[in-house]
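Contents: one structure, followed by commentary.
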Amino acid sequence: MLKIYNTLTRKKELFQPRVAGKVGLYVCGMTVYDYCHIGHARVMVVFDTVARYFRYQGYELIYVRNITDIDDKIIKRALENGEDYNQLTERFIDAMHEDERALSVLPPDLEPRATQSIDAIIAMVNTLIAKELAYVGTNGDVFYAVTKFKDYGLLSGKNLDDLQAGERVDVDLAKRNPMDFVLWKMAKTNEPAWESPWGLGRPGWHIECSAMSTCCLGNHFDIHGGGMDLQFPHHENEIAQSEGATGEKFVNLWMHNGFVRVDDEKMSKSLGNFFTVREVLKQYQPEIIRFFILSSHYRSPLNYSDEQLNDASAALTRLYTALRGVTIVTDTVIEETYKTRFEQAMNDDFNTPVALAVLFDLARDLNKAKTHEPEKISVLAASLQQLAGLLGILHQDADIFLKGSKANDQKIDQQIQARLDAKKAKDWALADKIRNDLKQQGVILEDSPDGTTSWRRE
RNA sequence: GGCUGCGUAGCAAAAUGGUUAUGCAGUGGCCUGCAAAGCCAUCUACGGCGGUUCGAUUCCGCCCGCAGCCUCCA
(Lines give C-alpha, C1' and ligand atoms only; values in the text may rest on other atoms or scores of the structure.)
Protein backbone atom coordinates (compact mmCIF):
# COMPACT_ATOMS: atom_id res chain seq x y z
CA MET A 1 0.00 0.00 0.00
CA LEU A 2 2.06 2.87 -1.31
CA LYS A 3 1.30 6.30 0.09
CA ILE A 4 2.65 9.45 -1.49
CA TYR A 5 2.42 13.05 -0.35
CA ASN A 6 0.47 15.10 -2.87
CA THR A 7 1.34 18.80 -2.96
CA LEU A 8 -2.07 19.48 -4.46
CA THR A 9 -3.95 18.20 -1.41
CA ARG A 10 -1.09 18.63 1.10
CA LYS A 11 -1.70 15.13 2.37
CA LYS A 12 -0.26 11.67 2.02
CA GLU A 13 -2.55 9.76 -0.30
CA LEU A 14 -2.89 6.12 -1.13
CA PHE A 15 -1.39 5.88 -4.59
CA GLN A 16 -3.91 4.78 -7.19
CA PRO A 17 -2.74 4.60 -10.77
CA ARG A 18 -5.09 5.83 -13.48
CA VAL A 19 -4.70 2.49 -15.21
CA ALA A 20 -4.12 -0.53 -13.02
CA GLY A 21 -0.47 -1.57 -13.01
CA LYS A 22 0.75 1.41 -15.00
CA VAL A 23 2.32 4.69 -13.97
CA GLY A 24 3.17 7.80 -15.97
CA LEU A 25 5.75 10.00 -14.27
CA TYR A 26 7.00 13.34 -15.58
CA VAL A 27 9.78 15.27 -13.88
CA CYS A 28 11.05 18.72 -14.80
CA GLY A 29 14.65 18.29 -15.76
CA MET A 30 17.55 20.61 -16.22
CA THR A 31 18.08 23.76 -18.21
CA VAL A 32 21.37 22.90 -19.84
CA TYR A 33 23.56 25.98 -19.75
CA ASP A 34 25.94 24.83 -17.02
CA TYR A 35 27.08 21.78 -15.04
CA CYS A 36 24.69 20.07 -12.64
CA HIS A 37 25.10 20.98 -9.01
CA ILE A 38 24.15 18.95 -5.94
CA GLY A 39 20.64 20.40 -6.02
CA HIS A 40 20.14 18.97 -9.49
CA ALA A 41 21.68 15.72 -8.32
CA ARG A 42 19.00 15.53 -5.66
CA VAL A 43 16.20 15.67 -8.22
CA MET A 44 17.87 13.00 -10.31
CA VAL A 45 18.54 10.68 -7.37
CA VAL A 46 15.18 11.19 -5.67
CA PHE A 47 13.09 10.46 -8.74
CA ASP A 48 15.39 7.68 -9.83
CA THR A 49 14.71 6.05 -6.47
CA VAL A 50 10.98 6.60 -6.95
CA ALA A 51 11.18 5.06 -10.42
CA ARG A 52 13.16 2.06 -9.17
CA TYR A 53 10.60 1.45 -6.44
CA PHE A 54 7.62 1.63 -8.80
CA ARG A 55 9.28 -0.95 -11.02
CA TYR A 56 10.14 -3.14 -8.04
CA GLN A 57 6.49 -3.01 -7.04
CA GLY A 58 5.63 -4.39 -10.45
CA TYR A 59 4.31 -1.25 -12.09
CA GLU A 60 4.85 -0.67 -15.76
CA LEU A 61 6.38 2.78 -15.51
CA ILE A 62 7.00 5.40 -18.12
CA TYR A 63 9.42 7.90 -16.66
CA VAL A 64 9.87 11.15 -18.59
CA ARG A 65 12.38 13.83 -17.68
CA ASN A 66 12.66 16.71 -20.07
CA ILE A 67 15.58 18.85 -21.12
CA THR A 68 15.13 22.60 -21.52
CA ASP A 69 17.55 23.34 -24.30
CA ILE A 70 16.39 26.80 -25.30
CA ASP A 71 15.90 29.77 -22.98
CA ASP A 72 17.29 33.19 -22.07
CA LYS A 73 20.19 31.88 -20.04
CA ILE A 74 21.26 29.49 -22.75
CA ILE A 75 21.20 32.25 -25.35
CA LYS A 76 23.11 34.57 -23.07
CA ARG A 77 25.74 31.98 -22.20
CA ALA A 78 26.22 30.97 -25.82
CA LEU A 79 26.69 34.60 -26.76
CA GLU A 80 29.27 35.10 -24.00
CA ASN A 81 31.15 32.01 -25.15
CA GLY A 82 30.86 32.99 -28.77
CA GLU A 83 29.53 29.55 -29.60
CA ASP A 84 26.38 28.24 -31.19
CA TYR A 85 23.66 27.59 -28.62
CA ASN A 86 23.31 24.05 -29.95
CA GLN A 87 26.92 23.32 -29.29
CA LEU A 88 26.60 24.66 -25.77
CA THR A 89 23.55 22.60 -24.92
CA GLU A 90 25.00 19.42 -26.44
CA ARG A 91 28.06 19.80 -24.25
CA PHE A 92 26.07 20.22 -21.08
CA ILE A 93 23.65 17.45 -21.96
CA ASP A 94 26.62 15.11 -22.28
CA ALA A 95 27.99 16.35 -18.98
CA MET A 96 24.61 15.83 -17.33
CA HIS A 97 24.45 12.25 -18.57
CA GLU A 98 27.93 11.67 -17.25
CA ASP A 99 26.94 12.94 -13.79
CA GLU A 100 23.79 10.87 -13.95
CA ARG A 101 25.72 7.68 -14.66
CA ALA A 102 28.19 8.44 -11.90
CA LEU A 103 25.34 8.70 -9.39
CA SER A 104 23.82 5.39 -10.54
CA VAL A 105 20.77 7.23 -11.83
CA LEU A 106 19.12 5.06 -14.45
CA PRO A 107 18.22 7.03 -17.56
CA PRO A 108 14.57 8.03 -17.87
CA ASP A 109 12.54 6.24 -20.54
CA LEU A 110 12.03 9.42 -22.48
CA GLU A 111 14.03 12.60 -22.46
CA PRO A 112 12.20 15.05 -24.68
CA ARG A 113 13.85 18.34 -25.59
CA ALA A 114 12.12 21.65 -26.01
CA THR A 115 13.70 22.34 -29.38
CA GLN A 116 12.39 19.02 -30.68
CA SER A 117 8.87 19.71 -29.47
CA ILE A 118 8.18 23.01 -31.23
CA ASP A 119 5.23 21.70 -33.27
CA ALA A 120 3.43 20.42 -30.19
CA ILE A 121 4.12 23.69 -28.41
CA ILE A 122 2.75 25.78 -31.26
CA ALA A 123 -0.33 23.57 -31.46
CA MET A 124 -1.02 24.06 -27.76
CA VAL A 125 -0.57 27.82 -27.95
CA ASN A 126 -2.95 27.87 -30.90
CA THR A 127 -5.57 26.00 -28.92
CA LEU A 128 -5.18 28.35 -25.98
CA ILE A 129 -5.66 31.37 -28.25
CA ALA A 130 -8.70 29.76 -29.88
CA LYS A 131 -10.17 29.18 -26.42
CA GLU A 132 -9.41 32.81 -25.55
CA LEU A 133 -7.17 31.75 -22.68
CA ALA A 134 -4.24 33.38 -24.46
CA TYR A 135 -3.71 36.54 -26.47
CA VAL A 136 -1.08 38.33 -28.51
CA GLY A 137 0.35 41.23 -26.49
CA THR A 138 1.19 44.66 -27.80
CA ASN A 139 4.81 43.61 -28.32
CA GLY A 140 3.91 40.54 -30.37
CA ASP A 141 4.55 38.00 -27.60
CA VAL A 142 1.78 35.56 -26.79
CA PHE A 143 0.58 35.58 -23.18
CA TYR A 144 -1.63 33.37 -21.06
CA ALA A 145 -4.49 35.29 -19.44
CA VAL A 146 -4.38 33.94 -15.91
CA THR A 147 -7.70 35.42 -14.83
CA LYS A 148 -9.46 33.28 -17.44
CA PHE A 149 -8.44 30.07 -15.69
CA LYS A 150 -10.60 29.62 -12.64
CA ASP A 151 -8.33 27.24 -10.72
CA TYR A 152 -5.23 29.40 -11.03
CA GLY A 153 -3.28 29.19 -7.77
CA LEU A 154 -4.75 25.91 -6.55
CA LEU A 155 -1.44 24.02 -6.47
CA SER A 156 0.64 26.70 -4.79
CA GLY A 157 -2.13 27.90 -2.48
CA LYS A 158 -1.89 31.39 -3.83
CA ASN A 159 -4.64 33.60 -5.08
CA LEU A 160 -4.22 36.28 -7.66
CA ASP A 161 -5.10 39.15 -5.33
CA ASP A 162 -2.43 38.10 -2.85
CA LEU A 163 0.30 37.86 -5.38
CA GLN A 164 0.76 41.63 -5.29
CA ALA A 165 1.88 41.77 -8.82
CA GLY A 166 4.66 44.11 -9.66
CA GLU A 167 6.05 44.20 -6.17
CA ARG A 168 9.31 42.54 -7.04
CA VAL A 169 9.37 42.88 -10.78
CA ASP A 170 8.52 45.68 -13.15
CA VAL A 171 5.13 45.40 -14.73
CA ASP A 172 5.38 44.55 -18.40
CA LEU A 173 3.05 46.89 -20.27
CA ALA A 174 2.61 44.42 -23.12
CA LYS A 175 0.52 42.22 -20.80
CA ARG A 176 -3.10 42.75 -19.86
CA ASN A 177 -2.50 41.49 -16.34
CA PRO A 178 0.89 41.62 -14.64
CA MET A 179 0.57 37.96 -13.67
CA ASP A 180 0.06 36.84 -17.26
CA PHE A 181 3.02 34.80 -18.46
CA VAL A 182 4.60 34.36 -21.85
CA LEU A 183 3.82 31.37 -24.08
CA TRP A 184 5.67 32.46 -27.19
CA LYS A 185 8.45 35.01 -27.31
CA MET A 186 9.27 37.04 -30.39
CA ALA A 187 12.87 36.62 -31.47
CA LYS A 188 15.34 39.47 -31.32
CA THR A 189 17.92 39.68 -34.05
CA ASN A 190 20.42 36.84 -34.07
CA GLU A 191 18.49 34.77 -31.58
CA PRO A 192 17.56 31.20 -32.38
CA ALA A 193 13.99 31.23 -33.67
CA TRP A 194 11.27 29.06 -35.13
CA GLU A 195 8.45 29.91 -37.54
CA SER A 196 5.06 30.28 -35.94
CA PRO A 197 1.67 31.86 -36.69
CA TRP A 198 2.84 34.82 -34.57
CA GLY A 199 6.15 35.25 -36.32
CA LEU A 200 9.68 34.07 -35.70
CA GLY A 201 10.18 33.28 -32.07
CA ARG A 202 10.69 30.67 -29.38
CA PRO A 203 8.59 29.02 -26.70
CA GLY A 204 8.22 30.27 -23.15
CA TRP A 205 9.52 27.96 -20.47
CA HIS A 206 6.22 26.86 -18.97
CA ILE A 207 4.55 25.80 -22.20
CA GLU A 208 7.42 23.45 -23.02
CA CYS A 209 6.66 21.20 -20.09
CA SER A 210 2.92 21.20 -20.80
CA ALA A 211 3.54 20.19 -24.38
CA MET A 212 6.26 17.63 -23.67
CA SER A 213 4.42 15.94 -20.81
CA THR A 214 1.13 15.56 -22.66
CA CYS A 215 2.97 14.44 -25.77
CA CYS A 216 4.74 11.66 -23.92
CA LEU A 217 2.13 10.64 -21.36
CA GLY A 218 -1.23 11.89 -22.63
CA ASN A 219 -3.50 14.71 -21.49
CA HIS A 220 -3.99 13.17 -18.08
CA PHE A 221 -1.29 11.26 -16.24
CA ASP A 222 -0.38 10.07 -12.77
CA ILE A 223 2.54 11.94 -11.27
CA HIS A 224 4.40 15.14 -11.97
CA GLY A 225 7.52 15.96 -10.01
CA GLY A 226 10.22 18.55 -9.62
CA GLY A 227 11.95 20.81 -7.14
CA MET A 228 9.95 22.79 -4.59
CA ASP A 229 10.80 26.02 -6.30
CA LEU A 230 8.92 24.97 -9.43
CA GLN A 231 5.63 24.79 -7.59
CA PHE A 232 4.99 28.41 -8.39
CA PRO A 233 4.80 29.69 -10.99
CA HIS A 234 6.06 26.87 -13.22
CA HIS A 235 3.77 24.02 -12.22
CA GLU A 236 0.85 26.33 -11.58
CA ASN A 237 1.24 27.58 -15.12
CA GLU A 238 1.53 24.07 -16.51
CA ILE A 239 -1.83 23.21 -14.98
CA ALA A 240 -3.40 26.35 -16.43
CA GLN A 241 -1.99 25.60 -19.87
CA SER A 242 -2.69 21.88 -20.03
CA GLU A 243 -6.11 21.88 -18.43
CA GLY A 244 -7.00 25.03 -20.33
CA ALA A 245 -6.02 23.47 -23.63
CA THR A 246 -7.38 19.94 -23.16
CA GLY A 247 -10.30 20.54 -20.84
CA GLU A 248 -9.16 17.48 -18.92
CA LYS A 249 -7.57 16.99 -15.54
CA PHE A 250 -3.81 17.24 -16.03
CA VAL A 251 -2.06 15.42 -13.19
CA ASN A 252 -3.33 13.38 -10.24
CA LEU A 253 -0.40 13.76 -7.93
CA TRP A 254 2.33 16.37 -7.57
CA MET A 255 5.62 15.50 -5.88
CA HIS A 256 8.12 18.18 -4.90
CA ASN A 257 11.54 17.54 -3.45
CA GLY A 258 13.17 19.86 -0.90
CA PHE A 259 16.26 21.93 -1.53
CA VAL A 260 19.85 21.32 -0.88
CA ARG A 261 21.10 24.07 1.38
CA VAL A 262 24.46 25.52 2.22
CA ASP A 263 24.66 27.17 5.65
CA ASP A 264 20.87 27.16 5.85
CA GLU A 265 20.47 28.87 2.52
CA LYS A 266 19.16 27.39 -0.68
CA MET A 267 21.94 26.21 -2.97
CA SER A 268 21.47 28.05 -6.22
CA LYS A 269 23.21 29.50 -9.19
CA SER A 270 22.09 33.02 -8.35
CA LEU A 271 23.44 32.91 -4.79
CA GLY A 272 26.65 31.40 -6.12
CA ASN A 273 26.81 28.94 -3.23
CA PHE A 274 26.61 25.83 -5.35
CA PHE A 275 28.87 22.82 -5.71
CA THR A 276 28.81 20.98 -9.00
CA VAL A 277 28.57 17.23 -9.04
CA ARG A 278 31.89 16.88 -10.84
CA GLU A 279 33.57 19.13 -8.30
CA VAL A 280 32.36 17.03 -5.38
CA LEU A 281 33.29 13.82 -7.20
CA LYS A 282 36.91 14.84 -7.04
CA GLN A 283 36.76 14.41 -3.29
CA TYR A 284 34.07 11.82 -2.65
CA GLN A 285 33.01 8.60 -4.31
CA PRO A 286 29.75 8.98 -6.25
CA GLU A 287 27.98 6.48 -4.06
CA ILE A 288 28.66 8.71 -1.05
CA ILE A 289 26.79 11.56 -2.73
CA ARG A 290 23.89 9.27 -3.47
CA PHE A 291 23.82 7.98 0.11
CA PHE A 292 23.99 11.54 1.43
CA ILE A 293 20.96 12.50 -0.66
CA LEU A 294 18.97 9.47 0.47
CA SER A 295 19.85 9.96 4.13
CA SER A 296 17.16 12.59 4.54
CA HIS A 297 13.55 12.42 3.42
CA TYR A 298 13.05 13.78 -0.08
CA ARG A 299 10.75 16.59 1.05
CA SER A 300 13.05 17.80 3.83
CA PRO A 301 15.79 20.32 3.37
CA LEU A 302 19.22 18.77 3.01
CA ASN A 303 22.22 20.65 4.31
CA TYR A 304 25.35 20.28 2.27
CA SER A 305 28.68 20.24 4.10
CA ASP A 306 31.88 18.26 4.24
CA GLU A 307 30.85 16.99 7.63
CA GLN A 308 27.64 15.56 6.20
CA LEU A 309 29.46 13.89 3.34
CA ASN A 310 32.02 12.47 5.74
CA ASP A 311 29.18 11.06 7.81
CA ALA A 312 27.69 9.51 4.71
CA SER A 313 31.05 8.02 3.90
CA ALA A 314 31.39 6.49 7.36
CA ALA A 315 27.89 5.07 7.21
CA LEU A 316 28.46 3.50 3.80
CA THR A 317 31.74 2.11 5.03
CA ARG A 318 29.88 0.32 7.78
CA LEU A 319 27.51 -1.30 5.29
CA TYR A 320 30.29 -2.32 2.95
CA THR A 321 32.38 -3.64 5.83
CA ALA A 322 29.52 -5.97 6.69
CA LEU A 323 29.52 -7.28 3.13
CA ARG A 324 33.27 -7.60 2.84
CA GLY A 325 34.55 -11.07 2.28
CA VAL A 326 31.09 -12.55 1.89
CA THR A 327 30.26 -14.32 -1.34
CA ILE A 328 26.87 -13.16 -2.50
CA VAL A 329 24.51 -15.38 -4.41
CA THR A 330 22.42 -13.00 -6.45
CA ASP A 331 19.15 -14.87 -6.76
CA THR A 332 18.80 -15.64 -3.05
CA VAL A 333 15.32 -15.00 -1.63
CA ILE A 334 15.35 -11.97 0.65
CA GLU A 335 14.87 -12.43 4.39
CA GLU A 336 11.16 -11.74 4.96
CA THR A 337 11.11 -9.52 8.05
CA TYR A 338 13.66 -7.11 6.63
CA LYS A 339 11.94 -7.07 3.29
CA THR A 340 8.67 -6.17 4.97
CA ARG A 341 10.21 -3.44 7.08
CA PHE A 342 12.01 -2.01 4.09
CA GLU A 343 8.84 -1.96 2.02
CA GLN A 344 6.87 -0.39 4.84
CA ALA A 345 9.37 2.44 4.95
CA MET A 346 9.32 2.98 1.21
CA ASN A 347 5.54 2.67 1.05
CA ASP A 348 5.34 5.55 3.49
CA ASP A 349 6.05 8.31 1.01
CA PHE A 350 9.46 6.90 0.06
CA ASN A 351 10.92 7.19 3.54
CA THR A 352 14.52 6.45 2.58
CA PRO A 353 16.04 7.36 6.00
CA VAL A 354 13.97 4.62 7.60
CA ALA A 355 14.74 2.25 4.73
CA LEU A 356 18.44 2.90 5.38
CA ALA A 357 17.94 2.23 9.09
CA VAL A 358 16.58 -1.19 8.10
CA LEU A 359 19.77 -1.80 6.15
CA PHE A 360 21.86 -0.97 9.21
CA ASP A 361 19.89 -3.41 11.35
CA LEU A 362 20.43 -5.98 8.66
CA ALA A 363 24.15 -5.22 8.64
CA ARG A 364 24.34 -5.75 12.40
CA ASP A 365 22.57 -9.07 12.06
CA LEU A 366 24.98 -10.03 9.33
CA ASN A 367 27.99 -9.11 11.46
CA LYS A 368 26.63 -11.21 14.29
CA ALA A 369 25.97 -14.14 12.00
CA LYS A 370 29.61 -14.10 10.98
CA THR A 371 30.63 -15.28 14.45
CA HIS A 372 27.53 -17.06 15.69
CA GLU A 373 25.40 -18.36 12.84
CA PRO A 374 27.44 -18.78 9.67
CA GLU A 375 24.55 -20.56 7.96
CA LYS A 376 22.63 -17.28 7.95
CA ILE A 377 25.40 -15.21 6.38
CA SER A 378 24.50 -15.90 2.81
CA VAL A 379 20.84 -14.96 2.98
CA LEU A 380 21.49 -11.87 5.11
CA ALA A 381 24.20 -10.58 2.81
CA ALA A 382 22.07 -11.18 -0.25
CA SER A 383 19.13 -9.43 1.43
CA LEU A 384 21.27 -6.46 2.33
CA GLN A 385 22.60 -6.10 -1.16
CA GLN A 386 19.27 -6.56 -2.88
CA LEU A 387 17.36 -4.12 -0.69
CA ALA A 388 20.17 -1.58 -0.95
CA GLY A 389 20.06 -2.08 -4.69
CA LEU A 390 16.53 -0.71 -4.72
CA LEU A 391 18.04 2.53 -3.43
CA GLY A 392 20.85 2.35 -5.96
CA ILE A 393 23.58 1.68 -3.42
CA LEU A 394 25.89 -1.21 -2.42
CA HIS A 395 26.13 -2.37 -6.02
CA GLN A 396 29.90 -2.60 -6.12
CA ASP A 397 32.29 -5.09 -4.64
CA ALA A 398 32.94 -4.17 -1.01
CA ASP A 399 36.71 -4.16 -1.43
CA ILE A 400 36.52 -1.83 -4.38
CA PHE A 401 34.52 0.68 -2.37
CA LEU A 402 36.61 0.34 0.77
CA LYS A 403 39.95 0.52 -0.98
CA GLY A 404 38.97 3.46 -3.14
CA SER A 405 41.53 4.42 -5.74
CA LYS A 406 43.74 1.67 -7.07
CA ALA A 407 46.99 3.55 -6.50
CA ASN A 408 49.80 1.68 -4.70
CA ASP A 409 47.74 -1.42 -4.02
CA GLN A 410 50.67 -3.71 -4.68
CA LYS A 411 52.96 -1.81 -2.37
CA ILE A 412 50.35 -1.93 0.36
CA ASP A 413 49.98 -5.67 -0.02
CA GLN A 414 53.74 -6.07 0.27
CA GLN A 415 53.81 -4.08 3.50
CA ILE A 416 50.93 -6.07 4.90
CA GLN A 417 52.84 -9.26 4.18
CA ALA A 418 55.92 -7.83 5.88
CA ARG A 419 53.80 -7.01 8.91
CA LEU A 420 52.32 -10.51 9.00
CA ASP A 421 55.85 -11.90 9.00
CA ALA A 422 56.82 -9.55 11.81
CA LYS A 423 53.77 -10.66 13.75
CA LYS A 424 54.71 -14.28 13.29
CA ALA A 425 58.16 -13.45 14.70
CA LYS A 426 56.41 -11.55 17.51
CA ASP A 427 58.27 -8.45 16.47
CA TRP A 428 55.46 -6.16 17.63
CA ALA A 429 57.52 -3.01 17.26
CA LEU A 430 58.09 -3.61 13.56
CA ALA A 431 54.51 -4.74 13.01
CA ASP A 432 53.19 -1.59 14.64
CA LYS A 433 55.58 0.58 12.72
CA ILE A 434 54.34 -0.79 9.42
CA ARG A 435 50.76 -0.29 10.52
CA ASN A 436 51.47 3.30 11.55
CA ASP A 437 53.29 4.03 8.33
CA LEU A 438 50.31 2.85 6.36
CA LYS A 439 48.00 4.84 8.58
CA GLN A 440 50.01 7.93 7.63
CA GLN A 441 49.10 7.17 4.03
CA GLY A 442 45.43 6.87 4.96
CA VAL A 443 45.40 3.09 4.93
CA ILE A 444 43.72 1.33 7.86
CA LEU A 445 44.57 -2.29 8.60
CA GLU A 446 42.11 -4.73 10.06
CA ASP A 447 43.22 -8.15 11.26
CA SER A 448 40.75 -11.00 10.96
CA PRO A 449 40.52 -13.90 13.40
CA ASP A 450 41.70 -16.25 10.64
CA GLY A 451 45.11 -14.58 10.57
CA THR A 452 44.64 -12.57 7.40
CA THR A 453 44.68 -8.80 7.24
CA SER A 454 42.35 -6.64 5.18
CA TRP A 455 42.67 -2.94 4.60
CA ARG A 456 40.65 0.10 3.57
CA ARG A 457 41.25 3.73 2.87
CA GLU A 458 40.17 6.31 5.41
C1' G B 1 2.69 41.98 3.63
C1' G B 2 0.39 37.01 1.57
C1' C B 3 1.08 31.70 1.17
C1' U B 4 3.86 26.98 2.40
C1' G B 5 6.87 24.23 5.57
C1' C B 6 10.21 23.38 9.58
C1' G B 7 12.35 23.65 14.95
C1' U B 8 14.20 16.08 17.99
C1' A B 9 19.94 14.46 22.05
C1' G B 10 27.40 16.64 20.60
C1' C B 11 26.32 16.27 14.92
C1' A B 12 22.97 14.24 11.15
C1' A B 13 18.13 12.22 10.66
C1' A B 14 13.14 9.25 11.32
C1' A B 15 8.87 7.46 13.64
C1' U B 16 5.28 7.81 17.43
C1' G B 17 -0.67 9.92 22.05
C1' G B 18 2.00 5.69 26.94
C1' U B 19 7.13 0.92 24.82
C1' U B 20 15.00 0.41 21.16
C1' A B 21 14.77 4.48 15.56
C1' U B 22 19.24 4.56 12.71
C1' G B 23 24.49 6.44 11.42
C1' C B 24 28.72 9.22 13.37
C1' A B 25 30.87 10.87 18.04
C1' G B 26 31.23 9.74 23.82
C1' U B 27 31.50 6.14 28.04
C1' G B 28 32.06 0.90 30.02
C1' G B 29 32.95 -4.12 28.58
C1' C B 30 34.04 -8.55 25.13
C1' C B 31 37.44 -9.70 21.17
C1' U B 32 42.86 -8.43 19.86
C1' G B 33 50.07 -9.09 21.26
C1' C B 34 48.29 -3.90 20.93
C1' A B 35 44.97 -1.68 17.54
C1' A B 36 41.18 -1.45 13.80
C1' A B 37 36.73 -3.74 12.50
C1' G B 38 32.86 -6.31 14.92
C1' C B 39 29.64 -7.55 19.17
C1' C B 40 27.23 -6.26 24.04
C1' A B 41 25.82 -2.44 27.39
C1' U B 42 25.22 2.74 28.22
C1' C B 43 24.83 8.52 28.62
C1' U B 44 23.14 12.88 26.04
C1' A B 45 16.18 14.73 23.11
C1' C B 46 11.87 16.38 21.54
C1' G B 47 12.04 25.72 20.65
C1' G B 48 8.70 28.51 24.61
C1' C B 49 3.85 29.13 27.01
C1' G B 50 -1.06 27.47 27.52
C1' G B 51 -5.15 23.81 26.27
C1' U B 52 -7.43 18.77 25.19
C1' U B 53 -6.22 13.87 27.61
C1' C B 54 -5.61 9.09 32.79
C1' G B 55 -1.14 10.35 29.90
C1' A B 56 1.69 14.64 24.72
C1' U B 57 7.78 15.17 21.67
C1' U B 58 3.33 13.39 19.03
C1' C B 59 -3.38 16.63 18.72
C1' C B 60 -5.14 22.16 19.23
C1' G B 61 -4.02 27.53 20.12
C1' C B 62 -0.62 31.44 20.79
C1' C B 63 4.45 33.13 20.86
C1' C B 64 9.64 32.92 19.42
C1' G B 65 13.24 31.34 15.78
C1' C B 66 14.53 29.45 10.77
C1' A B 67 13.82 28.31 5.60
C1' G B 68 11.19 28.53 0.88
C1' C B 69 7.77 30.69 -2.69
C1' C B 70 5.28 35.36 -4.30
C1' U B 71 11.23 37.30 -10.55
C1' C B 72 14.82 32.98 -13.27
C1' C B 73 15.79 28.62 -10.26
C1' A B 74 15.82 21.40 -9.12
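Model, not experiment: these values are computed from the prediction. Computed from heavy atoms alone, side chains included, the values below leave out hydrogens, waters and symmetry copies.
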Looking at B/G33, does its base get a donor-acceptor pair with the side chain of A/D432 below 3.5 Å?
yes

Worked verdict on A/E208 versus A/E238 for side-chain contact (heavy atoms from CB on, under 4.5 Å)
CA-CA 9 Å; A/E208 293 171 11; A/E238 275 189 60; over 6 Å; no

Taking only side-chain N and O atoms of A/K76, does any of them lie within less than 4.0 angstrom of OP1 or OP2 on B/C72?
no

What distance do A/D34 atom CG and A/I74 atom CD1 have between them, rounded to the nearest 0.5 Å?
11.0 Å

In this structure, how many angstroms lie between the P atom of B/G38 and the CZ atom of A/R324, rounded?
9 Å

Answer yes or no for A/R65 and A/Y26: cation-pi contact, defined as NZ/CZ to six-membered ring centre under 6.0 Å and angle to ring axis within 45°.
no

Roughly, in whole Å, what's the span from NE2 in A/H256 to P in B/C3?
20 Å

Does the structure place the NZ or CZ of A/K158 under 6.0 Å from the centre of the six-membered ring of A/F232, at an angle of no more than 45° from the ring's axis?
yes

Using a distance-only criterion (donor-acceptor N/O pair, under 3.5 Å, no hydrogens), is the base of B/A74 paired with the side chain of A/R42?
no

Of the listed B/C72, B/A36, B/G5, the closest approach to the A/P233 side chain comes from B/C72

Would you indicate what A/S448 reaches in the nucleic acid, counting non-hydrogen atoms under 4.0 angstrom: base, sugar-phosphate, or nothing?
nothing

Per-nucleotide pairing state of RNA chain B [Watson-Crick or G-U, under 3.5 Å; [ ] pseudoknot-crossing; | other strand]
(((((((..(((.....[...))).(((((.......)))))....(((((..]....))))))))))))....

Salt-bridged, A/R290 to A/E287, with N to O below 4.0 Å?
no

Listed pairs, N/O of protein and of nucleotides 39-45 of chain B, under 3.5 Å:
from	atom 1	to	atom 2	distance (Å)
B/C39	OP1	A/R318	NH2	3.3
B/C39	OP1	A/N367	ND2	3.3
B/C39	OP2	A/R318	NH1	3.3
B/C40	OP1	A/K368	NZ	3.0
B/C40	OP2	A/R364	NE	3.4

Using the side-chain heavy atoms of A/K158, tell me which of these nucleotides is nearest: B/A14, B/G33, B/C69.
B/C69

Select base, sugar-phosphate, or nothing to describe what A/V260 touches, counting heavy atoms under 4.0 Å on all strands.
base

Could you walk me through whether A/M186 and A/R202 satisfy the side-chain contact (heavy atoms from CB on, under 4.5 Å) test, starting with their C-alpha distance in whole Å, then the side-chain angles of each, then the deciding distance to 0.1 Å, before giving a yes or no?
CA-CA 7 Å; A/M186 297 308 287; A/R202 60 193 158 89; over 6 Å; no

For the C1' atoms, the ones on B/C11 and on B/C70, what distance do you get once it is rounded to whole angstrom?
34 Å

Would you measure the distance from the C1' atom in B/U19 across to the matching atom in B/C34 and give it in whole Å?
42 Å

Atom pairs, N/O to N/O, protein against nucleotides 10-13 of chain B, distance under 3.5 Å?
from	atom 1	to	atom 2	distance (Å)
B/C11	O2'	A/E307	OE2	3.2
B/A12	O3'	A/Q308	NE2	3.4
B/A12	O2'	A/Q308	OE1	3.0

So, is A/N351 close to the B/A15 phosphate, meaning a side-chain N or O under 4.0 Å from OP1 or OP2?
yes

Grab the CH2-C1' distance between A/W254 and B/A74 for me, whole Å please.
14 Å

Base, sugar-phosphate alone, or nothing: which one does A/L230 contact when heavy atoms must sit under 4.0 Å apart?
sugar-phosphate

